[in-house]
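For this chain, numbers begin at 1 and follow the sequence in order.
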Amino acid sequence: MLEGFVKVAACSPELKVADCEYNCDKMIEKAQKMSNKGAKVLAFPELCLTGYTCGDLFLQDRLLNGAMEGLERFATETKACDTLFSVGLPLLHRGRLYNVAAVIFHGEVLGLVPKSHIPTYSEFYEGRHFAGGDSAWQRGTVSEEGCGTHRLPFMDSEVPFGAKQIFTCEQLPELSVAIEICEDLWVPVPPSSYHAMAGATVILNPSASDEVTGKSAYRRELVKNQSARTIAAYLYADASGGESTTDLVHAGHNMIMENGVMLAENPSFKERDIITEIDVKRLQAERRRMTTFPLYVSPEKMGYRIHRFRYNKVEKTVLTRTFEKTPFVPAAKTHREERCDEILNIQASGLAKRLRHTGCRSAVIGLSGGLDSTLALLVTVRAFDRLSLDRKGIVCVTMPCFGTTNRTYDNAVNLAKELGTELREISIEKAVRGHFEDIGHDINVHDITYENGQARERTQILMNIANQTGGLVIGTGDMSELALGWATYNGDHMSMYGVNCSVPKTLVRYLVQYFADTCVSKSRDTCVSKSRDTCVSNGETSGSTLKRVLYDVLDTPVSPELLPPKDGKISQKTEDIVGPYELHDFYLYYMLRFGFMPSKIFRLAVYTFEGVYDAPTIYQWLRTFYHRFFRQQFKRSCIPDGPKVGSVALSPRGDLRMPSDASDALWKADLESIKP
């Protein structure tokens, strides 16, 4: 739990309208069940002790007394639960009736939060019975009167009463809970906006939203957007089907969102409780990163009452929510294809602008037959088509040397031809041998000089051809390579515009596959084949050949091909040397996007990649990641221009302003503390 994971739940207990004893029984049953499952925060629906649809029975003393008796019994019988509860009931306060959520912890009512906005339109007629809880919201003011107090008959002291209350865990300050009730969410500026600005990271919404056609989808988007806007977890607990059906139907549409992402949902009419884990440290990290998030220094000056509570035990939260193995790549195929098309357009637009600005009608690419250079070529083709430039202005240069295999060579040649570009083949073997003689390097010593000598020779050729053609050298290196420093300084590290600079390796693969599956087969306006008039629809054309080549590129092991092949096959496989890219991209995402500690990233990786990699393997490559990330910043400090495509990027001019000589001692100390 101290890592920020908090198990939370939203429940819609079975109820009978106006039967407070029955309703309390069912709520206690749910409370104990969810607490036994580890829930630390649990939200019940609006007016759940009585039912929302009591109508004028809310004006009866017997119902109000029954609700108070139910509140006392719930508090008493859940005293042993190490859970913060929100319980809905009608409450008579200073002569007026309020729709209230009581916050209960260890048998004590910590606060009473009234509903602020009372609907009296369409099917709603709450204004007949209830007063609004805080007129400050209606007046649009932020700093207003603070909470009053209310004397509950079974409590020894006064209980704070008011909408502006935040309940904060002393052991985990990032867990700060606030409440708005049903209609409060549907107004132009919901109270939760102020709650979040006052420091609340978790919003509970006890609700009794009825069902009409189309409303569940609208409700879902409303919760999603408010969760994202407030950078908060949002627990929406909806009234169940036990409510009266005289005029309305309720369906128990429960939701748990985290910063706009649905973690758990009980679809309407399914009558199911939901429980999952939120990550409050992740929410706090996101707020810290977004400097425009207006956290107020003093919530008290905004009129807020801050409650502090302590759990009996703070244990390691058992995780049940899922984390994507490839956080940079959407899991759903439709969403993934939309994302791929969007990213390709960003890359192509960036390059097109640079070509237009410089007046260049030529682009030079070192084409290796590998994934990265293939993607760079496809992006360049799209940019040229967008500018109505002749693809012959794209100069693809294949530069075979000691490590080049027939497979990658053939793929490079075929790609250049199928896409209608100019192909130049320049063997660099003679030049590299001469260079080794010049510097006195033994060609039989396959060390870093042997490898980098080839990479720098290739870059020199590309730069000089660009001078010949009046063009730009298009960089092929991706973001994962930059993170690890897996690039030759002033070799493949350098270009005139790096189209792949913020595309992680795991995403590069999907972008190339998207081209193969979609773009090759599309209409003449978007088809990437030998010419705009030739497409797969013609049968066995260059389009189908291109698709075959792209799939062979996808099947080729990732390699810089700087060491001699063995039996004609690639001998130098990148992932055998620096580790699996799917792990490194996972580490990179959680390190840079949320600032997670290595120990937390390790835990997430072990949980996510269970059955794929064991804990020692994950730990080994995590150490490698941090070691290389800190020591290779000097390469990232001087990378060429290139477009940012996602939420994580490494440009020293934008997302990562990091000293090149920063120590990694703190991060490694954390790694040592969890050594498996």
Ignoring hydrogens and angles, tell me if any N or O in the side chain of [X] forms a donor-acceptor pair with the backbone of [Y] under 3.5 Å.
X      : Y      : result
Ser207 : Cys182 : no
Glu126 : Ile118 : no
Asp585 : Thr506 : yes
Tyr311 : Lys40  : yes
Asp184 : Ser116 : yes
Ser240 : Glu14  : no
Asp670 : Ser599 : yes
Arg336 : Ala331 : yes
Thr230 : Ser193 : no

Spatial distance of atom [atom1] ([X]) from atom [atom2] ([Y]) [nearest 0.5 Å]:
X      : Y      : atom1 : atom2 : answer
Phe309 : Gln171 : CZ    : CD    : 8.0 Å
Gln32  : Ile28  : CD    : CD1   : 7.0 Å
Phe594 : Ile601 : CZ    : CD1   : 11.0 Å
Arg623 : Glu672 : CZ    : CD    : 4.5 Å
Leu152 : Leu71  : CG    : CG    : 6.5 Å

How about [X]: does its [atom1] atom have over 12 heavy atoms from other parts shown lying under 6.0 Å from it?
X      : atom1 : answer
Lys224 : NZ    : no
Phe293 : CZ    : yes
Asp156 : CG    : no
Lys37  : NZ    : no

Applying ring-ring contact (aromatic ring centres under 6.0 Å, His included), name anything that partners Phe602, two or more places apart in sequence or on another chain.
Tyr619
With a 4.5 Å cut-off on side-chain heavy atoms, are [Y] and [X] touching?
X      : Y      : result
Phe124 : Asp210 : yes
Glu277 : Thr320 : yes
Thr317 : Val6   : no
Arg339 : His335 : yes
Leu49  : Met68  : no
His253 : Glu265 : yes
Lys26  : Leu15  : no
Phe161 : Val100 : yes

With sequence neighbours excluded, what pairs up with [X] under the side-chain hydrogen bond (donor to acceptor under 3.5 Å, both in side chains) test?
X      : answer
Lys325 : none
Asn65  : none
Thr245 : none

Nearest heavy atoms of [X] and [Y], plus distance in Å:
X      : Y      : value
Val113 : Ile179 : CG1-O, 3.8 Å
Ile181 : Ala101 : CD1-N, 3.8 Å
Lys7   : Gly38  : CB-O, 3.4 Å
Pro504 : Phe328 : CG-CG, 3.4 Å
Ala39  : Ala9   : CB-CB, 4.2 Å
Ala198 : Met302 : CB-SD, 4.0 Å

Hey, can you tell me if Tyr234 and Tyr236 have their rings parallel, tilted or perpendicular (30° and 60° cut-offs)?
parallel
Below 30° counts as parallel, above 60° as perpendicular, anything between as tilted: where do the rings of Trp621 and His584 land?
perpendicular
For residues 65-84, which residue pairs pass the ring pair (Phe, Tyr, Trp, His ring centres under 6.0 Å) check, not counting sequence neighbours?
Phe44-Phe74, Phe74-Phe85
I need the full list of ring pair (Phe, Tyr, Trp, His ring centres under 6.0 Å) pairs touching residues 200-233, with sequence neighbours left out, sorted by first then second residue.
Trp186-Tyr218
Run the side-chain donor-acceptor check on residues 86-94: report pairs under 3.5 Å with partners two or more places apart or on a different chain.
{"from": "His93", "atom 1": "ND1", "to": "His150", "atom 2": "ND1", "distance (Å)": "2.9"}

Under the side-chain contact (heavy atoms from CB on, under 4.5 Å) test, which residues partner [X], sequence neighbours left out?
X      : result
Pro327 : Phe586, Tyr589
Ile274 : Ala10, Asn254, Ile256, Ala264, Asn266
Ser244 : Val17, Thr53, Thr246
Asp25  : Glu21, Arg73

Is the Phe130 to Phe58 ring centre distance short of 6.0 Å?
yes
Distance-only side-chain donor-acceptor flag, [X] / [Y], under 3.5 Å:
X      : Y      : answer
Thr83  : Ser35  : yes
Arg229 : Gln226 : yes
Tyr613 : Gln620 : no
Glu183 : Ser209 : no

Inspect the contact between [Y] and [X] and indicate whether a charged nitrogen and a carboxylate oxygen are less than 4.0 angstrom apart.
X      : Y      : answer
Lys600 : Glu3   : no
Glu69  : Arg62  : yes
Glu286 : Arg593 : yes
Glu174 : Arg282 : no

Go through it in stages, so that I can follow the logic: the residues are Arg219 and Glu211, the test is salt bridge (charged side-chain N to carboxylate O under 4.0 Å, His left out), and I'd like the CA-CA distance, side-chain angles, deciding distance and then a yes or no.
CA-CA 10 Å; Arg219 184 190 302 122; Glu211 290 300 322; 2.9 Å; yes
By salt bridge (charged side-chain N to carboxylate O under 4.0 Å, His left out), Arg321 pairs with (sequence neighbours left out) Glu258
